[in-house]
Amino acid sequence: MGEDNTKSERYRRIFEVVRRIPKGRVATYGQVADLAGLPRHARLVGYALNSLKAGARLPWHRVVGSPGRISLPEGSESHYEQRARLAMEGVEVDVDGRLSLRRHQWRPRSR
DNA sequence: AAGTTGACGGATG
DNA sequence: TCATCCGCCAACT
C-alpha cells in the first residue's frame, strides 16, 4: 500500500483531525498526530498549526500540550488568543495556561 | 550546507 | 512538580 507521505498530505490529514475536535473540548498534539495516522509526530502537528494564516477557519485553539497546558509562549499574542477562545467555549484556563485534560479532553469513539 | 530552533512528548531523575 | 534528555520533522540562519 503506497501511502502518500509528502509534507502537504500529512498536513492535510492533520487539519482534517483538528477540524473534528468538538467545541468546548481539546485534543493534545500527540493525540492529533495519532488520529491523523502519524504516531510519534506530535511536533509535526505543532509545525502544521504554526503554518496557518491569520484567517484560517480551523479550530487550532483546541489543540494543547500533553501536560494539559497551552504550548504557545506565555506573553505572546497567540497565547492570549487561544486562552480567550477556549474561555469562550467554557474551557477554564488558569493564569499559567493550564487546564484540566481530565475534564476537557476530546475522546472520539474511533479513528 | 550544517547547525539551531520549535505551537511535542515520553522517559527518567 | 520541575528539569533534562532524546527522537522526530520542517523551517530558519
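All figures in this text were calculated on a predicted structure; none of them were measured in a lab. Throughout, a chain's letter reflects where its sequence line sits, starting with A, and its residues are numbered from 1.
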- Compare every heavy atom of A:Phe15 with every heavy atom of A:Ser51, then report the nearest pair and how far apart it is. OG-CZ, 4.2 Å
- Nearest non-hydrogen partners of A:Val32 and A:Val18, listed with the distance: CG1-CG2, 4.0 Å
- Message: Taking CD in A:Glu92 as the centre, count heavy atoms belonging to other residues, nucleotides or ligands within less than 6.0 Å. Is the count above 12?
- Response: no
- Distance-minimising heavy-atom pair for A:Val91 and A:Gly24: CG2-O, 3.5 Å
- Task: Measure from CZ on A:Arg40 to P on C:dC8 and round the result to the nearest Å.
- Result: 8 Å
- Scan residues 54-71 of chain A for pairs that pass side chain to side chain donor-acceptor pair (under 3.5 Å), counting only residues two or more places apart or in two chains. A:His61-A:Glu89, A:Arg62-A:Glu89
- Message: With side chain to side chain donor-acceptor pair (under 3.5 Å) as the rule and sequence neighbours excluded, what pairs involving residues 94-106 of chain A come up?
- Response: A:Gln31-A:Gln105
- Message: Regarding A:Thr28, tell me which of base, sugar-phosphate or nothing describes its non-hydrogen contacts under 4.0 Å with the strands shown.
- Response: sugar-phosphate
- Message: Would you say A:His41 places a side-chain N or O within less than 4.0 Å of OP1 or OP2 belonging to C:dC9?
- Response: yes
- Message: Please report the distance separating the P of B:dA1 from the corresponding atom of C:dC8, rounded so that it comes out in whole Å.
- Response: 23 Å
- Taking every heavy atom of A:Leu38 against every heavy atom of A:Arg13, the minimum-distance pair comes out as CD2-NH1, 4.2 Å
- Note on the structure: One should read off an interatomic distance between A:Gln82 CD and A:Leu72 CG, to the nearest 0.5 angstrom, of 5.0 Å
- Closest approach of A:Arg19 and A:Leu58, non-hydrogen atoms and distance? NH1-CD1, 3.7 Å
- Nt span of DNA chain B in reach of chain A heavy atoms at under 4.0 Å, 5' end first, is B:dG6 to B:dG10
- Message: At under 4.0 Å between heavy atoms, how does the protein contact nucleotides 1-6 of chain C? Give one character per nucleotide, 5' to 3', with B, S or -.
- Response: -S----
- Item | Whole-Å gap separating P (C:dC8) and CD1 (A:Ile14) | 17 Å
- Item | salt bridge (Lys or Arg N to Asp or Glu O under 4.0 Å) contacts in which one or both residues fall within residues 31-50 of chain A, not counting sequence neighbours | none
- Residues touching DNA chain B, which here means a heavy atom under 4.0 Å, drawn from residues 57-66 of chain A: A:Trp60, A:Gly65, A:Ser66
- Note on the structure: In terms of heavy-atom contacts, A:Thr28 and A:Val63 come closest through C-CG1, 4.2 Å
